2 protein chains.
Amino acid sequence: MLDDLVLPADGGAPALAAVLARAILSGQLPAGSDFPREKDLCDRFAVSRNRVRNALASLAATGLVERTAGRGSRVREITGWHLLDPLMSDWLTGLARPDPRLVREIYAFRLSAEPQVAELAALAADGRDLARLEAAFAGMRDTAGTGMHQQHAEHDVAFHDAVYQASHNLVWRQMGHLLRPSIIALIQHSQHQAASLEDSLERHRRVMEAIRLRQPQAARRAARAVLERTATDLGLIPTPTSHTEGHPA
Amino acid sequence: MLDDLVLPADGGAPALAAVLARAILSGQLPAGSDFPREKDLCDRFAVSRNRVRNALASLAATGLVERTAGRGSRVREITGWHLLDPLMSDWLTGLARPDPRLVREIYAFRLSAEPQVAELAALAADGRDLARLEAAFAGMRDTAGTGMHQQHAEHDVAFHDAVYQASHNLVWRQMGHLLRPSIIALIQHSQHQAASLEDSLERHRRVMEAIRLRQPQAARRAARAVLERTATDLGLIPTPTSHTEGHPA
DNA sequence: ATAGTAGTTAATGTCAGACATTTTGCAAGG
DNA sequence: CCTTGCAAAATGTCTGACATTAACTACTAT
C-alpha cells in the first residue's frame, strides 16, 4: 500500500507525517479505507512507535484520517480535510500530482475571494504593505522569461500573500497559506508562454497600482482579471465575466 | 500564572489542551511570554508528562505557542494564531470573555466574506441545502423570544453554516467553523431586544428566500443586511452601507 | 579587557516497554 | 434469534531513561 514511499534522510517526525499525508493527498488511498496500523508503520519505516504516533496525530489534526481506540485509523472524505491548515499547505506544495479536485476547489475559492481581499487591501494598505507588493512585483518582473520558474513562482506567491496581508484582517491573512500550493500547481501544469507571462505581469501591476492609489473597486476588478488569466493558464474554463448581472425582482 | 484553572472531571488530553488554550485566548498570558515548562504543568494538573506533551502539541499546532528544544515554550503573537482551525473554534466557543480583538476581526471577516458566500450559495444550492436552511430558520423562529437563548444561537449557527455549505466549495465550507464562536459571542454581549430579534429573523428569511429563488445579487445584499443587524447588536459601529461607491478613475 | 571556547545546566525530543481502555468479532447459552 | 460474555486487536496512557538542543558560565588566549 505504501511500498514505494521513502522516508527522507532527515527522517524527523514531521518528515514522516509529510510522507504519509502525501500518500493520501495524491489520491492513492480511497476515502473510508483503513490506514495502516501503528505497528505496521513502525516496521515499514523502521521508526519508533512514538514518531509514528506523532505523525498520525498530525494527520488526524488536519482531518486527513480519523482515529478511534480499538478500531484503527481510517482515511476521511475530502470534505473533512482542513485545507486551511498551514501543515496542509506544506504537504500540498511540491506534490507532483495533487488531487485535481483540490486544484479546482482552491482556484474557485480564490476567484470568489481575492477580489474582495484586494478591495480591502486598497482600503487598508500601509507603507510596508506597498513595499512588499513592489518587492514581489519587481521579483516577478526580473525573473520573467529567464527560465527561473521556481523563483518566479515564489515571487508570485509573495505578491498575492502581500495582498492578503494588506487586508489587515487576521482571518484573511491566514488564507495566504493556500497560495503556495495553488501557484505551484500552476507552474507544474502550464508552460507559461512568453506572451502569457507578459500579460500576467501587466495584470498584477494593475492590482498593485489600484491598491497604491486606494481605489477599491479598481483593485477588485484587477484581482479578478489576474485570476481569469490564471484560469486560462491552468486550463480551466474561464468564467464569462458576468459583471452586469441583472438585479432580480 | 495558571493558579485558578481547573481541569474538568473528564481530564482527557483534549480537555487539558482546552484549559491551557483558553488561558491564552482570554488574554491572560501576554504574547512573547514564557509558557510554563512541561514539568510544572505535570505537577500543577497532576497528569503525566505524556498528556501534557499531547496538549502542548495541540497548542503548537494551532499556533498558540511556539516550542523549541532546550529553550521552552513561548506564547505567540495573535497574528500567528490559526483562527480557522476547528480546535480553535471549540476553544473559543464558551469562552466567557474572548479577546475583543478576535471578536472584531472575525466579525470584519464575516462582513466582507458572507455576502460573497451567499451569492455562491444562490448559484449552487440544492434540495438538501435548502432543507437545512429551512430547518435552521424554523428553529430560529420557534425559539425567538422564548428565553431559549442557547437553542436559538445553535439554530443561528446552523443557518449560517448551511449557507457556507450551500456554496459547495471545499474551502468556504471549512470556514463555517468560525461561526460558532462569533455567534456565541453575540449572545454573551447583547441582550437581544424583542424588536431586534424580530428584525434579525426577517433578514435571515430574506437570505433564505434569495437562495431558494437563485437570486445571487439579492442573496448578497440580504447577507450584508443580516451582518449589519449583527453589528448593531454587538455594539460595533455599523458601516454606512456604502453600496453606491463611485468607480475611481 | 575582550573575544572565543569548552563545559554545565535545563529544557524539549525520542526511545522502549508495560499496562489501560475501547472496539470488534466470536461463541456459547438462554 | 437474541443476548451475554469472553478474547483478540487496536489505540491511548503511564513510566523511566536517554538524546538533543539552547542558553549560561567560567576560563583562556590574544
Side-chain angles (χ1 to χ4, degrees), chain A residues 1-2 7-21 23-24 29-76 80 87 90, chain B residues 1-2 7-21 23-24 29-76 80 87 90:
Chain A
M1 185 186 294
L2 303 172
L7 194 57
D10 165 344
L16 178 57
V19 168
L20 298 176
I24 299 176
L29 308 176
S33 67
D34 284 342
F35 202 78
R37 306 170 318 197
E38 295 179 355
K39 182 66 170 54
D40 291 343
L41 293 172
C42 293
D43 299 344
R44 168 66 185 79
F45 294 100
V47 295
S48 74
R49 193 177 160 219
N50 220 322
R51 276 165 118 89
V52 168
R53 282 184 59 76
N54 286 339
L56 288 175
S58 290
L59 265 59
T62 50
L64 287 178
V65 304
E66 182 184 13
R67 315 192 68 198
T68 54
R71 193 184 221 262
S73 307
R74 284 191 179 169
V75 178
R76 289 185 54 174
L87 274 178
D90 292 343
Chain B
M1 186 186 293
L2 304 171
L7 195 55
D10 165 345
L16 177 58
V19 168
L20 298 177
I24 298 177
L29 307 176
S33 68
D34 285 342
F35 202 78
R37 306 172 319 200
E38 295 179 354
K39 181 67 170 54
D40 290 344
L41 293 172
C42 293
D43 298 345
R44 169 66 185 80
F45 294 100
V47 295
S48 74
R49 194 177 158 219
N50 219 323
R51 277 164 119 89
V52 168
R53 282 184 59 77
N54 285 339
L56 288 175
S58 291
L59 265 60
T62 49
L64 287 178
V65 303
E66 181 185 13
R67 314 193 69 197
T68 55
R71 194 187 222 276
S73 308
R74 285 191 178 170
V75 178
R76 289 185 54 174
L87 275 178
D90 291 344

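Here is how names work: the chains are called A, B, and so on, in the same order as the sequence lines, proteins then strands, and each is numbered from 1. On a predicted model such as this, the values are computed, not experimentally measured, just so you know.
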Task: Step-by-step side chain to side chain contact (heavy atoms under 4.5 Å, CB included) determination, B:Val47 to B:Leu16 - done: CA-CA 9 Å; B:Val47 295; B:Leu16 177 58; 4.1 Å; yes
Taken to the nearest whole Å, CD/A:Glu66 to P/D:dA10 is 18 Å
I want to check something: taking the side chain as every heavy atom from C-beta on, are B:Phe45 and B:Val52 in contact at a cut-off of under 4.5 Å?
no
Could you pull out the protein-nucleic contacts involving nucleotides 19-22 of chain D (nitrogen or oxygen on both sides, under 3.5 Å)?
residue, atom, partner, partner atom, Å
D:dA22, O4', B:Ala69, O, 3.4

Sorted by chain and number, sequence neighbours left out, salt bridge (Lys or Arg N to Asp or Glu O under 4.0 Å) with B:Asp43 holds for B:Lys39
Considering only heavy side-chain atoms of B:Asn50, the closest of D:dT11, D:dT13, D:dC14 is D:dC14
Per-helix bend value, the helix from C:dA1-D:dT30 to C:dG30-D:dC1, C1' rotation axes over five pairs per end, 10° rounding, shows 10°
Taken in chain and number order and not counting sequence neighbours, the residues that satisfy salt bridge (Lys or Arg N to Asp or Glu O under 4.0 Å) with A:Arg71 are none
Protein-nucleotides 5-7 of chain D N/O pairs under 3.5 Å:
none

In the 5' to 3' direction, the nucleotides of DNA chain C bounding the stretch that comes under 4.0 Å of a heavy atom in chain A are C:dT14 to C:dT24
To the nearest angstrom, the CZ-P distance between B:Arg49 and D:dC18 comes to 14 Å
By side chain to side chain contact (heavy atoms under 4.5 Å, CB included), B:Asn50 pairs with (sequence neighbours left out) B:Ser48, B:Asn54
Atom CZ of A:Arg37 and atom P of D:dT11 are separated, to the nearest Å, by 7 Å
Comparing A:Ser48 with B:Ser73, nearest DNA chain C nucleotide closer to 5' gives the residue B:Ser73
Across all chains, not counting sequence neighbours, the side chain to side chain contact (heavy atoms under 4.5 Å, CB included) partners of A:Ser58 are A:Ala17, A:Leu87, A:Trp91
Hits for side chain to side chain contact (heavy atoms under 4.5 Å, CB included) against A:Arg53, two or more places apart or cross-chain, chain-then-number order -> A:Glu38, A:Arg49, A:Arg67
| said: If you define the side chain from C-beta out and look only at heavy atoms, does anything of B:Leu41 sit under 4.5 Å from B:Phe35? | reply: yes
A:Phe35 atom CZ is separated from D:dT11 atom P, nearest whole Å, by 11 Å
Is any side-chain heavy atom of B:Ile24 closer than 4.5 Å to one of B:Val65? yes
Hits for side chain to side chain donor-acceptor pair (under 3.5 Å) against A:Asp90, two or more places apart or cross-chain, chain-then-number order -> none
Taken to the nearest whole Å, CD/B:Glu38 to P/D:dC14 is 14 Å
Whole-Å distance, B:Asn54 CG to D:dG12 P, equals 9 Å
**Prompt:** Looking at side-chain heavy atoms only, is the closest gap between B:Leu20 and B:Leu59 below 4.5 Å?
**Reply:** yes
Rounded to the nearest 0.5 Å, the CG atom of A:Asp34 sits from the OG atom of A:Ser73 at a distance of 8.5 Å
So salt bridge (charged side-chain N to carboxylate O under 4.0 Å, His left out) across residues 55-66 of chain B, not counting sequence neighbours, yields none
D:dG12 phosphate, OP1 or OP2, under 4.0 Å from A:Arg67 side-chain N/O:
yes
